[in-house]
Amino acid sequence: MAILVRILLWVAWLAGVGWVWHVGLLGTAASIALAALSLVVFAWPGSIARRRHHRELRYVDMGKEPTGHH
């Protein structure tokens with residue numbers, strides 16, 4: 001997921017929690033807990049495959065010798 005999309009989802013999450021707290025449907029402790037949960041969810045590192053993709057390329061020497069001319 002692109003970093004911009006993650007940031008926008010995080011801001012939307014916080015805005016939603018803030019609105020629900022402001023309306024009075026959630027208490028202060030629950031709102032703080034949901035805000036902390038949002039940090040865990042949206043700051044979670046990417047998948048292992050994506051992290052592997054950004055590593056440097058590795059080449060394997062297959063041990064092939066140049067062929068001789070007969």
Side-chain angles (χ1 to χ4, degrees):
M1 186 179 321
I3 188 73
L4 180 62
V5 174
R6 289 175 75 117
I7 290 171
L8 291 175
L9 283 173
W10 182 65
V11 169
W13 176 294
L14 290 180
V17 169
W19 181 82
V20 171
W21 172 77
H22 181 71
V23 170
L25 296 175
L26 276 180
T28 303
S31 297
I32 292 172
L34 282 174
L37 179 64
S38 75
L39 286 175
V40 171
V41 170
F42 293 111
W44 197 264
S47 69
I48 293 172
R50 191 174 346 142
R51 279 187 273 147
R52 227 182 262 150
H53 176 72
H54 290 297
R55 291 185 182 172
E56 72 279 357
L57 294 175
R58 295 183 183 174
Y59 295 95
V60 178
D61 181 17
M62 298 300 288
K64 293 183 180 177
E65 298 290 329
T67 57
H69 297 7
H70 295 323

> Which heavy atom in L37 sits nearest to a heavy atom in W13, and how many Å separate them?
Replying inline: CD2-CZ2, 4.3 Å

> Less than 4.5 Å apart, any side-chain heavy atom of V17 and any of S38?
Replying inline: no

>> Measuring from atom CG of L4 to atom CG of L9, what distance do you get when rounded to the nearest 0.5 angstrom?
In response: 9.5 Å

>> Which heavy atom of T28 sits nearest to which heavy atom of W21, and what is that distance?
In response: OG1-NE1, 3.3 Å

> Are any of the side-chain heavy atoms of V41 and W10 separated by less than 4.5 Å?
Replying inline: no

>> Let me check something: do L8 and V11 share a hydrophobic cluster, defined by ILVMFWY side-chain heavy atoms less than 4.5 Å apart, either directly or through other members?
In response: no

> Does I32 belong to the same Ile/Leu/Val/Met/Phe/Trp/Tyr cluster as L39, with side-chain heavy atoms less than 4.5 Å apart forming each link?
Replying inline: no

